[in-house]
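Letters A, B, ... mirror the listed sequences (proteins, then strands); counts begin at 1.
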Number of protein chains: 2
Amino acid sequence: MASGPLMIIGGAEDKLRRRTILKEFVAAAGGAEARIAVVPTASSLGPEVVEVYDALFRREGAADVVAVRPENRDDAHDPAFVARVAGATGIFMTGGNQLKLSAIICGTPLGEAIVAARERGAVVAGTSAGASIQSSHMVAFGGPGSTPKQRMTQVAAGLGLVESSVIDQHFDQRNRYGRLLMIVAQSPQLLGIGVDEDTCAVVERVGVPGGGPDGGPGEQHEVLRVVGRGAVTIMDPSRITTNAFEARRSAPILASGVVLHVLPEGSAFNLTTRSLLPHVAEVDPGEAAEMAEAGQDLRELARDIAAADTSPGTLKRRLARSRGATPRRAAAAAPAAPQDTYPDTHPDPTDGATP
Amino acid sequence: MASGPLMIIGGAEDKLRRRTILKEFVAAAGGAEARIAVVPTASSLGPEVVEVYDALFRREGAADVVAVRPENRDDAHDPAFVARVAGATGIFMTGGNQLKLSAIICGTPLGEAIVAARERGAVVAGTSAGASIQSSHMVAFGGPGSTPKQRMTQVAAGLGLVESSVIDQHFDQRNRYGRLLMIVAQSPQLLGIGVDEDTCAVVERVGVPGGGPDGGPGEQHEVLRVVGRGAVTIMDPSRITTNAFEARRSAPILASGVVLHVLPEGSAFNLTTRSLLPHVAEVDPGEAAEMAEAGQDLRELARDIAAADTSPGTLKRRLARSRGATPRRAAAAAPAAPQDTYPDTHPDPTDGATP
C-alpha cells in the first residue's frame, strides 16, 4: 500500500480565515471519510486544545475526531490508545513541548503505531512541537539568533518520519537560523529544514520511473512541497567546512559552504537528491497578450510582403482594408488565416475600441 | 602606494572592556602617529558622539582626532572638511541613519576624499550606518525576519569601497537574513555581507604572486578577515534560482542554491574568488602529547621485535628492565634511542607516577 503524506507545519497555522493547511490535512485524511486522532501530549493546555481541533476538523467535514493523550510512557503502551491511532486515517500532533512529546511516545507502541499509520497510507501531521518530532534528529530546545554558536541548542531523538534531517519551526518569526546552522555544522549528514509559521512542508514518496533493475518499480524519492503563507528553508551542509568540533564555550561557529534553499508556496524540493524541482516562471497575462498581438502583427506583415510579391494592387487593397478596421484586436479574435480572408470589420464593436 | 584596509563594523563595538576593534582601528591608523577624522553625520546625537570617539581614540594613543560633520550636500563641498579628511590617516564613520549619511556625502568632494584616503593608505572604518555605506549597494532601511519577502527592504547607492556587494549590520541581533537574501535574490551579481555586533570585517587588497603577464606584479585580490565577538555571514547567490522578478506584494521569495559562509573570528575569505581561505584546525595539546607517547610505544615495540630476532635471552632482559621502570613516561622524556640504551630507572621519580 502506498505510504501517506507527512505534513510538517511551522506552528500558528491559520485557524480562522483561509485555513489552507487544515483544509489540506482533512482532505488528505479522506474528507468526509476522515477519522482523525489528535495527539495533544506536547501541549500544556487542558482538554480545550483537543476541543479546538475537534471543531476545526469537523467544520472541514471530518467524520470523526478522537483524542490520544498519553501523559507518560505507560500510557503510550495502552492498547486503547494504540487502537485509536491504528484506526485513524489522519494523525495530528499539536504544538507545545516537543521534548515532552518525544520522551513519552518515541520507542513505544504508540510511537510505532504513528510510524505504521504513515506506511499504511494515513496522513501524519504535526504543528510546532508536532513538526519537530517528525525528523530523525530533533531540536529539543535552544535560543534565538542568526549566527550559529556552540551550545546554543540541544538535540534529542525524534520519530524519524523524515530520515537524516533536523526540523525546526516558527523559523522566520523566532530567528532560528543560528541554532539550525549549529546542528548541521555538528552533523553534516543531516539536512536542516526550517518551517515558518502558517506554512507546511508536505513530504510524499514519489516513484522514479524505470529505476528497477529487473524492470520492476523504480526507487522512491521523497519530495517536499510548500503550502502556506511563509517559506520552508533547507540547509544542505554536504560540503561544509566547519570548526564545530573545536569551537569553544559559546563561540560563533565557522560554517562555510552551506547551500541554502528558501522555498515559498508552490515550490518543490527533492529531499533524496537534495535539489530544487524545476522552477517554472509564471506567465504574465499582459505579456502573453502583447506577444500574441506581436505574433499577429508579424503574420500581417508576412501577408503584406506576400501581397506585394503578387502585385502592387493587391497590397494597396490590403492596406486600405487594414486602415478601415482596427486590425490588431480584430485579427486576434479571428482564427489564423492561411490566405487573405481578413475581415474588414469586426462583429463586436466594443472589442475594437481598445488601442 | 598600497591602499589602506577597510574596517566594516556591525555596530555596538565594545567601548569599555576589551575594545578589540577600536584598538585595531587606531593601530591600523598609525598608533601614536594616528590622525583620525570622525564623520558623525549619520548620528542623530549632538557633539557627544564625537566626544565619545575622541576620548576612545586618544585613550588608545591616537595623536589627533577631528570632527567632520557635514549636515547637507553644500557642507560636503566645503574645502575645510575635505582638507581634514585629506590629512587623516584614519576615517571613522559613526552609526545612525545610513541614508542620511549617503544622501549627504556620496558623489561629493568629501565622499571622493574618503575613497581617495583609502587609496593612499589610510584606514577607512565605519560602524553600523558607517558599515552599510561602504558597499556599492546599500541597505537603506527595512524590516527584520529570517525569510526573504518582496519589498521588505530598500536599496540605495553606497560609497562603493567594497564593489559588487551589499553590507548589512547588527546581523545576528536584528534577524536580518531575510532582507539580505531579498536583495541578493533581486541582484545576484552582488555578494551579501552581514556583520554581527561587536564584530569587524577587515578588507585588504592582497597581491597574488606571479600573476602579471610580463613578470610584473600579479593581480590584487580582496581578502576579508574577521575580528571580534560575533561572525560575518557571506551570501553568494552566483548560482541562485529565484522568482524575485515575479513574487507579488510581500510574498516570500524563492532563493534556492545560495551558498552561505558563516565566519567567526580568525576566519578569512577571498572576496574576489568568493572562497574560504584554508581553515586550519587547532592542535589539541593533550592529543599531541598522546600521539608523542604512542610514537614512543611503537619505537619500543620495534626494539622488542629486533631483540627477539637477536636472541630470546636479549628480549627477556629487555622486558624485565621495562617492568622495573614506568616505561611510557620514562621513554617519552628520553631522546629516541636507535639501539637498546633504554634506562632502567628514570631520574625524576615524580614523572613516573602517572599511569
Residues of residues 8-26 of chain B within contact distance of chain A, non-hydrogen under 4.5 Å
none
Against chain A, residues from residues 123-134 of chain B with at least one heavy atom under 4.5 Å, in numeric order, are none
Does any heavy atom of chain A fall under 4.5 Å from the side chain of T147(B), the backbone, both, or neither of them?
both
Quick one: which of G178(A), A185(A), P148(A) has the most heavy-atom pairs under 4.5 Å with chain B, could you say?
P148(A)
Around atom CZ of R239(B), are there more than 12 heavy atoms of other residues, nucleotides or ligands at under 6.0 Å?
no
Applying a criterion of heavy atom separation less than 4.5 Å, what residues of residues 190-197 of chain B form contacts with chain A?
D196(B)
Please classify the contact of T241(A) with chain B as side chain, backbone, both or neither, using a heavy-atom distance under 4.5 Å.
side chain
Side chain proximity check, V258(A) to H261(B), heavy atoms < 4.5 angstrom
no
One option among A231(B), G257(B), G145(B), P237(B) has the most heavy-atom pairs under 4.5 Å with chain A, and it is G257(B)
Tightest non-hydrogen contact, residues D172(A) and S146(B), listed as OD1-N, 2.5 Å
Decide yes or no for V262(B) and I253(A): does some side-chain heavy atom of the first lie under 4.5 Å from some side-chain heavy atom of the second?
no
Side chain from CB out, backbone as N, CA, C, O: work out which of these in S275(A) comes under 4.5 Å of a heavy atom of chain B, or both, or neither.
neither
With a 4.5 angstrom heavy-atom cut-off, could you sort out which part of R176(A) is near chain B: side chain, backbone, both or neither?
backbone
May I ask you to test the L276(A)-L254(B) pair for a side-chain heavy-atom distance under 4.5 Å?
yes
Please examine the side chains of P264(A) and N243(B), heavy atoms only from C-beta on, and report whether any two atoms are closer than 4.5 Å.
yes
Please look at T199(B) and chain A and tell me whether the side chain, the backbone, both or neither of the residue comes under 4.5 angstrom of a heavy atom of that chain.
neither
Greatest number of non-hydrogen atom pairs under 4.5 angstrom with chain B, of G230(A), G266(A), S267(A), falls to G230(A)
Side chain, backbone, both or neither: which part of I234(A) has a heavy atom under 4.5 Å from chain B?
neither
Do any side-chain atoms of residues 245-252 of chain B form donor-acceptor pairs under 3.5 angstrom with protein atoms, and if so which ones, sequence neighbours left out?
| residue | atom | partner | partner atom | Å |
| --- | --- | --- | --- | --- |
| E246(B) | OE1 | E282(A) | N | 2.9 |
| E246(B) | OE2 | E282(A) | N | 3.1 |
| R248(B) | NH2 | E282(A) | OE1 | 2.6 |

